[in-house]
Protein chains: 2
Amino acid sequence: MRYGINETLKKNQLSVTDSRKKILELFMRSNGALAHADIEHQSGTEFDRVTIYRTLQTFVEKGIIHTIPTADNSVRYALCKDECSEGHHHDNHVHFMCDDCGTTYCLDHVIAPQLSLPDGFNATRTDVVVSGKCKNCE
Amino acid sequence: MRYGINETLKKNQLSVTDSRKKILELFMRSNGALAHADIEHQSGTEFDRVTIYRTLQTFVEKGIIHTIPTADNSVRYALCKDECSEGHHHDNHVHFMCDDCGTTYCLDHVIAPQLSLPDGFNATRTDVVVSGKCKNCE
DNA sequence: TATGCTAATGCAACATTGTTGCAAAATAAT
DNA sequence: ATTATTTTGCAACAATGTTGCATTAGCATA
Ligand SMILES: [Mn+2]
Ligand SMILES: [Mn+2]
Ligand SMILES: [Zn+2]
Ligand SMILES: [Zn+2]
């Protein structure tokens with residue numbers, strides 16, 4: 001089960017502010033990942049652009065959200081699992097980006113495979129991003 | 001075996017210009033991927049920034065180079081295999097980005113795995129980007 | 001090799017995205 | 001309630017990428 005908004009902020013030693021509450025709420029409501037621009041639009045003129053950047057940065061550092069690499073090199077964010085914490089992400093699941101609607105999903109149950117790399121290469125992290133058509137755009 | 005510079009340009013119906021020759025040469029010489037900024041630096045003040053952008057775009061369209069998604073969402077490019085052509089890339093190999101030196105490698109012999117996705121999701125492309133320490137930075 | 005057509009380039013201007021410093025405001029601690 | 005600490009908004013800046021248009025270079029053909 002997922003924590004509530006204020007709970008999550010306090011658990012991570014963050015002061016509870018309007019922008020943090022609102023942005024975290026947007027993530028919790030959304031079924032896909034969010035880009036900076038999505039948040040800017042969905043929160044109206046409520047917050048400054050810079051505040052959104054800083055909030056996202058803080059959330060990533062605390063392990064509340066994670067970034068998603070995409071084939072078009074746009075930056076997207078999605079909620080982490082509860083086990084993630086400051087400096088320790090455990091988001092080794094696969095991501096899917098729909099070519100039609102652009103929605104980016106965390107496929108929580110599809111885990112990135114172990115790969116055997118050439119000699120001398122040592123992996124600390126493996127990101128898998130799949131593109132194609134999502135369940136709504138078939 | 002790989003084609004020469006003029007050969008590659010002509011094969012793709014591109015006129016042979018100074019900027020295209022120089023930029024293609026940089027890719028052929030480099031062992032890793034190149035970012036726009038790398039090319040800008042390595043070619044001095046020889047070409048306009050815009051020309052570099054347009055050349056990279058053209059090369060991608062023709063299947064001469066491909067883009068590489070990276071964990072830090074910076075845009076990088078590397079040479080395609082000879083089998084790639086206009087609109088048809090066949091670069092399903094894994095990419096590796098070194099956390100130390102930043103070099104990005106095409107691991108031509110490590111192929112992205114087939115994954116079984118949830119119902120309704122259809123993959124057309126799978127990008128795998130591995131981070132860690134490369135053979136020079138161990 | 002010279003000529004004309006077409007495509008590529010350079011430049012200027014603009015758009016988007018992200019960063020930094022600092023004073024004002026909001027939050028948390030006492 | 002008062003104070004100390006964090007966060008915010010604003011302005012200014014930096015980096016990255018895009019577009020329109022006049023000039024230039026490459027290419028085909030005579
Ligand atoms: Mn995810
Ligand atoms: Mn590659
Ligand atoms: Zn879709
Ligand atoms: Zn390295």
Side-chain angles (χ1 to χ4, degrees), chain A residues 4-26 33-62 64-77 86 102 104, chain B residues 4-26 33-62 64-77 86 102 104:
Chain A
I5 290 174
N6 292 34
E7 211 176 349
T8 301
L9 292 174
K10 284 181 182 151
K11 188 161 66 72
N12 287 282
Q13 293 138 52
L14 293 175
S15 45
V16 179
T17 66
D18 287 349
S19 53
R20 286 174 179 166
K21 277 192 289 184
K22 177 71 179 189
I23 292 173
L24 186 49
E25 191 196 347
L26 287 176
L34 296 175
H36 179 276
D38 297 326
I39 295 166
E40 207 170 337
H41 295 141
Q42 289 183 42
S43 62
T45 55
E46 213 170 336
F47 310 112
D48 194 80
R49 235 160 41 82
V50 178
T51 301
I52 297 174
Y53 278 114
R54 290 199 266 229
T55 302
L56 290 171
Q57 209 172 285
T58 302
F59 283 2
V60 169
E61 282 162 9
K62 290 294 187 177
I64 299 172
I65 61 177
H66 60 276
T67 59
I68 301 174
T70 59
D72 68 345
N73 281 287
S74 62
V75 184
R76 308 210 169 191
Y77 305 86
E86 188 149 7
T104 302
Chain B
I5 290 173
N6 292 33
E7 212 175 350
T8 301
L9 292 174
K10 284 180 182 151
K11 190 161 65 72
N12 288 283
Q13 294 139 53
L14 292 176
S15 44
V16 178
T17 66
D18 288 348
S19 53
R20 285 173 180 168
K21 277 193 289 186
K22 177 71 179 188
I23 292 173
L24 187 48
E25 192 196 348
L26 287 177
L34 296 175
H36 180 276
D38 297 327
I39 295 166
E40 207 171 335
H41 295 141
Q42 289 184 41
S43 62
T45 55
E46 212 169 337
F47 311 111
D48 194 81
R49 237 159 39 83
V50 178
T51 301
I52 297 174
Y53 279 113
R54 290 198 266 229
T55 302
L56 290 171
Q57 209 173 284
T58 303
F59 284 1
V60 169
E61 282 162 10
K62 290 293 188 179
I64 299 172
I65 60 177
H66 60 276
T67 58
I68 301 174
T70 58
D72 69 344
N73 282 286
S74 63
V75 183
R76 307 210 169 192
Y77 304 86
E86 188 149 6
T104 302

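What you see below is based on every heavy atom in this structure, not just the backbone, and it leaves out hydrogens, waters and symmetry mates. Throughout, a chain's letter reflects where its sequence line sits, starting with A, and its residues are numbered from 1.
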Checklist entry - Roughly, in whole Å, what's the span from CG in A:Leu14 to P in C:dA29? => result 12 Å
Item to check | Spacing between B:Lys22 atom NZ and C:dG10 atom P, to the nearest angstrom | outcome: 14 Å
Checklist entry - Within this structure, what is the CD1-to-P distance between B:Ile39 and C:dT9, rounded to whole angstrom? => result 13 Å
Next on the checklist: Taking any heavy-atom pair under 4.0 Å as a contact, classify A:Ser19: base, sugar-phosphate, or nothing.
Outcome noted: sugar-phosphate
Next on the checklist: Using the side-chain hydrogen bond (donor to acceptor under 3.5 Å, both in side chains) criterion, which residues pair with B:Asn6? Sequence neighbours excluded.
Outcome noted: none
Checklist entry - Looking at residues 42-54 of chain A, who's got a heavy atom less than 4.0 Å off DNA chain C? => result A:Arg49, A:Val50, A:Tyr53, A:Arg54
For nucleotides 1-7 of chain C, print each protein N/O atom paired with a nucleotide N/O atom at under 3.5 Å, atom names and distance only.
none

Next on the checklist: Just to verify, what does B:Glu25 make a side-chain hydrogen bond (donor to acceptor under 3.5 Å, both in side chains) with, not counting sequence neighbours?
Outcome noted: B:Arg29
Next on the checklist: Please identify the 5'-most and 3'-most nucleotides of DNA chain D with any atom under 4.0 angstrom from a heavy atom of chain B.
Outcome noted: D:dT16 to D:dC27
Checklist entry - Starting at the 5' end of DNA chain D and moving along, which residue's nearest nucleotide shows up first, B:Lys10 or B:Gln57? => result B:Gln57
Checklist entry - Through what angle, rounded to 10 degrees, does the axis of the helix from C:dT1-D:dA30 to C:dT30-D:dA1 turn between its ends, using five pairs per end? => result 40°
Item to check | B:Lys21 NZ to C:dT9 C1', straight-line distance once rounded to whole Å | outcome: 15 Å
